[in-house]
Amino acid sequence: MFGPKIQCVVVVGAQWGDEGKGKVVDVLAERADMVVRYQGGANAGHTVDTGDGEFVLHQVPSGVLQGAVCIVGNGVALDPETLFTELDALAKRGVRVDHKVFVSDRAHLTLPYHKMLDRAREQREKIGTTGRGIGPTYEDKYGRRGIRVGDLRHLERARDLVCERVTHANAMLGLLGAAERADAGEHEQLLRRLAPRLLPITVDAGRVVWEALARGESVLLEGAQGALLDVDHGTYPYVTSSNTTAGGAAVGAGIGPTAIDAVLGVVKAYTTRVGNGPLPTEAPPDVAARIRELGGEFGATTGRPRRCGWFDAVVVRYAVRVNGLTGLAVTKLDVLDSFDEIPVCVGYRLDGELFDSMPADLERIDRVEPIYETLPGWTKPLKDVRRLADLPPAARAYVDRLQDLSHAPVRYVSIGTRRDQIIEVA
Ligand code: IMP
């Protein structure tokens with residue numbers, strides 16, 4: 001990906017998340033000097049198999065396993081306890097994290113009261129959230145009452161802020177009919193405990209990224225979730241509370257959009273979704289169960305079974321448009337190894353008419369009928385293939401068809417969980 005003209009690359013999910021961004025970022029990070037997470041929080045679960053073992057990262061950018069400098073950007077909802085648990089676990093397994101992982105002073109903190117509010121709201125709203133406090137953290141941010149990492153530099157003021165926030169949260173918990181209440185004293189102690197560990201790794205992240213770019217270093221901006229979970233462009237209200245799309249990368253990393261040279265969209269060779277909301281190509285339960293079993297489709301953060309279905313070209317074309325994707329990485333092609341025939345959704349029918357884009361409103365998304373084209377399967381294991389030319393002809397035809405339907409060039413094809421199981425398309 002990186003080259004003389006490509007210094008800053010964004011990697012985004014182009015479906016409903018869980019596309020395999022962690023693996024793609026890990027592979028690309030071999031040639032990156034810096035990796036920046038720009039949105040989301042501990043709701044993400046990026047799984048990386050280095051060959052020496054599997055790592056699941058929630059807050060720390062996946063580039064940490066390749067030794068890149070890792071930045072948690074201002075756009076992230078930072079759960080500090082998860083961050084430190086993760087850093088300790090990485091250090092225990094021999095991954096260098098000291099002087100490698102830094103956090104933006106503008107990132108908003110996710111605190112226990114955010115998680116309580118998330119759980120209480122979920123009882124009523126049934127979005128199927130991860131329960132990690134993401135929505136309430138961004139609500140506080142946009143309501144201009146959040147607590148940011150940099151606030152820990154002034155503990156007395158942070159203490160007053162957190163007491164006020166806890167009082168407000170408890171009133172809200174009462175209105176929502178929840179039994180649990182947040183404890184101001186515990187929150188205050190938490191901030192006191194966090195400050196000495198968090199402040200030494202706190203930086204003006206936008207500036208750090210900008211300086212790296214000015215030095216000519218390669219920078220990768222790592223997205224979490226996927227385009228259809230974007231708060232503006234996703235299947236609202238069944239979305240997460242941040243801009244997962246490439247536009248969010250500039251804002252959440254603290255750089256200008258002109259600094260970005262390429263945007264790689266990661267897509268599974270089929271489709272999954274976790275949580276509630278529309279999924280037009282969802283397969284019947286028996287087929288979904290087979291895909292789930294073959295693909296190990298269980299949430300990396302919550303362990304929930306993912307809903308499974310066929311590749312939806314309407315979704316990916318839409319993701320190409322709203323992200324300005326310059327290339328695609330197709331992952332988990334090997335999961336389809338045993339299927340004789342593979343349906344692919346090429347368009348939707350709505351009220352008897354062809355519909356070629358993603359409608360904004362749920363009422364229409366719920367009524368679209370996918371139009372399928374059936375492609376022949378290859379019924380051979382792909383796990384040892386390392387060159388595009390060595391793919392069985394039916395697998396190659398499948399990848400070519402996804403590319404034609406998606407309107408973006410396929411740059412990588414992943415055929416297994418390990419680092420070496422990826423084909424770079426020349
Ligand atoms: P939240 O981000 O926890 O508020 O959840 C909102 C929606 O986004 C729910 O449907 C979640 O299942 C979904 N979601 C959040 N993070 C991820 C992810 O990393 N992968 C897949 N779905 C996610």
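Residue indices begin at 1 and follow the sequence shown. Model, not experiment: these values are computed from the prediction.
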Item to check | Residues Ile422, Lys23; criterion side chain to side chain contact (heavy atoms under 4.5 Å, CB included); working and verdict | outcome: CA-CA 9 Å; Ile422 195 158; Lys23 173 176 176 177; 4.2 Å; yes
Item to check | side chain to side chain contact (heavy atoms under 4.5 Å, CB included) between Leu220 and Met34, worked out | outcome: CA-CA 6 Å; Leu220 209 152; Met34 182 176 279; over 6 Å; no
Next on the checklist: Working note: Glu211 + Arg207, criterion salt bridge (charged side-chain N to carboxylate O under 4.0 Å, His left out); need CA distance, chi angles, decisive distance, verdict.
Outcome noted: CA-CA 6 Å; Glu211 285 172 352; Arg207 184 174 179 151; 2.9 Å; yes
Item to check | Residues Glu54, Thr47; criterion side chain to side chain contact (heavy atoms under 4.5 Å, CB included); working and verdict | outcome: CA-CA 7 Å; Glu54 195 178 90; Thr47 308; 3.5 Å; yes
Next on the checklist: Please determine whether side chain to side chain contact (heavy atoms under 4.5 Å, CB included) holds for the pair Arg148 and Asp151, giving the CA-CA distance in whole Å, both sets of side-chain angles, and the decisive distance to 0.1 Å.
Outcome noted: CA-CA 5 Å; Arg148 306 199 296 178; Asp151 289 326; 3.8 Å; yes
Item to check | salt bridge (charged side-chain N to carboxylate O under 4.0 Å, His left out) between Arg418 and Asp49, intermediate numbers included | outcome: CA-CA 5 Å; Arg418 287 198 326 263; Asp49 181 352; over 6 Å; no
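Remark: Arg367 pairs with Asp351, Glu363 by the salt bridge (Lys or Arg N to Asp or Glu O under 4.0 Å) rule, at least two apart or across chains. Residues passing the side-chain contact (heavy atoms from CB on, under 4.5 Å) test with Ala319, sequence neighbours excluded: Ala14, Ala227, Asn323. For Tyr398, the ring-ring contact (aromatic ring centres under 6.0 Å, His included) criterion is met by Trp378, not counting sequence neighbours. With sequence neighbours left out, the side-chain contact (heavy atoms from CB on, under 4.5 Å) criterion links Arg124 to Leu176.
Side chain of Asp118 to backbone of Gly133: a donor-acceptor contact under 3.5 angstrom is found. Thr244 contributes a side-chain N or O that, together with a main-chain N or O of Gly226, makes up a donor-acceptor pair within less than 3.5 Å. The main-chain N or O of Gly41 is found under 3.5 Å from a side-chain atom of Asn43 such that the two form a donor-acceptor pair. No donor-acceptor pair under 3.5 Å is formed between the side chain of Gln15 and the backbone N or O of Val315. Looking at His233, its side chain never comes within 3.5 Å of a backbone N or O of Asp230 through a donor-acceptor pair. Here the side chain of Arg317 pairs a donor or acceptor atom with the backbone of Leu405 at under 3.5 angstrom. Between the side chain of Thr129 and the backbone N or O of Gly131, at least one donor-acceptor pair lies under 3.5 Å. Checking side-chain atoms of Glu217 against main-chain N and O of Leu213 turns up no donor-acceptor pair under 3.5 Å. Side-chain atoms of Thr137 do not come within 3.5 Å of backbone N or O of Ala77 as any donor-acceptor pair.
Atoms CD1 and OH, from Ile71 and Tyr38 in turn, are 16.0 Å apart once rounded to the nearest 0.5 Å. In this structure, Leu65 CG and Leu57 CG are separated by 5.5 Å, a value rounded to the nearest 0.5 Å. How far CD1 of Ile147 is from CG of Leu78: 13.0 Å, rounded to the nearest 0.5 Å.
Ion pair Arg159/Glu156 flagged as a salt bridge, since at least one NZ, NE, NH1 or NH2 atom sits closer than 4.0 Å to an Asp/Glu carboxylate oxygen. Between Asp160 and Arg157 there is no salt bridge, since no side-chain N of the basic residue sits under 4.0 Å from a carboxylate O of the acidic one. Using a cut-off of 4.0 Å between Lys/Arg side-chain N and Asp/Glu carboxylate O, Glu19 and Lys332 are scored as not salt-bridged. Looking at Asp79 and Lys115, a side-chain N of the basic residue comes within less than 4.0 Å of a carboxylate O on the acidic one, giving a salt bridge. A salt bridge is absent between Lys126 and Glu122; no separation between the charged side-chain nitrogens and carboxylate oxygens falls under 4.0 Å. The existence of a salt bridge linking Asp334 and Lys383 is excluded, since no basic side-chain nitrogen approaches an acidic carboxylate oxygen closer than 4.0 Å. Using a cut-off of 4.0 Å between Lys/Arg side-chain N and Asp/Glu carboxylate O, Arg197 and Asp88 are scored as salt-bridged.
Sorted by first and then second residue, the ring-ring contact (aromatic ring centres under 6.0 Å, His included) pairs with a member in residues 70-109 form an empty list; sequence neighbours excluded. For residues 275-289, the side chain to side chain donor-acceptor pair (under 3.5 Å) pairs, not counting sequence neighbours, are Glu282-Arg307. Residue pairs satisfying the ring-ring contact (aromatic ring centres under 6.0 Å, His included) criterion with at least one member in residues 269-304, sequence neighbours excluded, are absent. Listed by first and then second residue, the side chain to side chain donor-acceptor pair (under 3.5 Å) pairs involving residues 62-74 are Ser62-Glu222 (not counting sequence neighbours). Pairs engaging residues 171-187 under the side chain to side chain donor-acceptor pair (under 3.5 Å) rule: Arg119-Glu180 [sequence neighbours left out]. For residues 142-166, there are no ring-ring contact (aromatic ring centres under 6.0 Å, His included) pairs, not counting sequence neighbours. Applying the side chain to side chain donor-acceptor pair (under 3.5 Å) test to every pair with at least one member in residues 26-35, sequence neighbours left out, gives these pairs: Asp26-Arg419. The salt bridge (Lys or Arg N to Asp or Glu O under 4.0 Å) pairs that include a residue from residues 260-273 are Lys268-Glu297, where partners are two or more places apart or lie in different chains.
Arg304 and Thr302 share a donor-acceptor pair across their side chains, judged by distance under 3.5 Å alone. A donor and an acceptor atom, one from each side chain of Arg132 and Thr82, are nowhere located under 3.5 Å apart. If you check the side chains of Tyr348 and Asp312, you find a donor sitting under 3.5 Å from an acceptor. Between the side chains of Thr202 and Asp105, no donor N or O sits under 3.5 Å from an acceptor N or O.
Using a 4.5 Å cut-off on side-chain heavy atoms (C-beta onward), Arg401 and Val399 make no contact. A heavy-atom distance below 4.5 Å is not found between the side chains of Thr240 and Tyr138. A 4.5 Å side-chain heavy-atom check between Met172 and Leu175 finds at least one atom pair inside the cut-off.
The heavy-atom pair separating Ile365 from Pro278 by the smallest distance is CG2-CB, 3.5 Å. When all heavy atoms of Leu221 and Ala253 are compared, the closest pair comes out as CD2-CB, 4.0 Å. Ser242 approaches Gln39 most closely through the heavy-atom pair OG-NE2, 3.0 Å. The shortest heavy-atom contact between Pro80 and Thr110 is CD-O, 3.5 Å. When all heavy atoms of Val231 and Val239 are compared, the closest pair comes out as CA-CG2, 4.0 Å. For Met1 against Val9, the heavy-atom pair with the smallest separation is CE-CG1, 4.0 Å.
Between Phe339 and Trp310, a ring centre-to-centre spacing shorter than 6.0 Å is recorded.
Within 6.0 Å of CZ in Arg349 there are 12 or fewer heavy atoms belonging to other residues, nucleotides or ligands.
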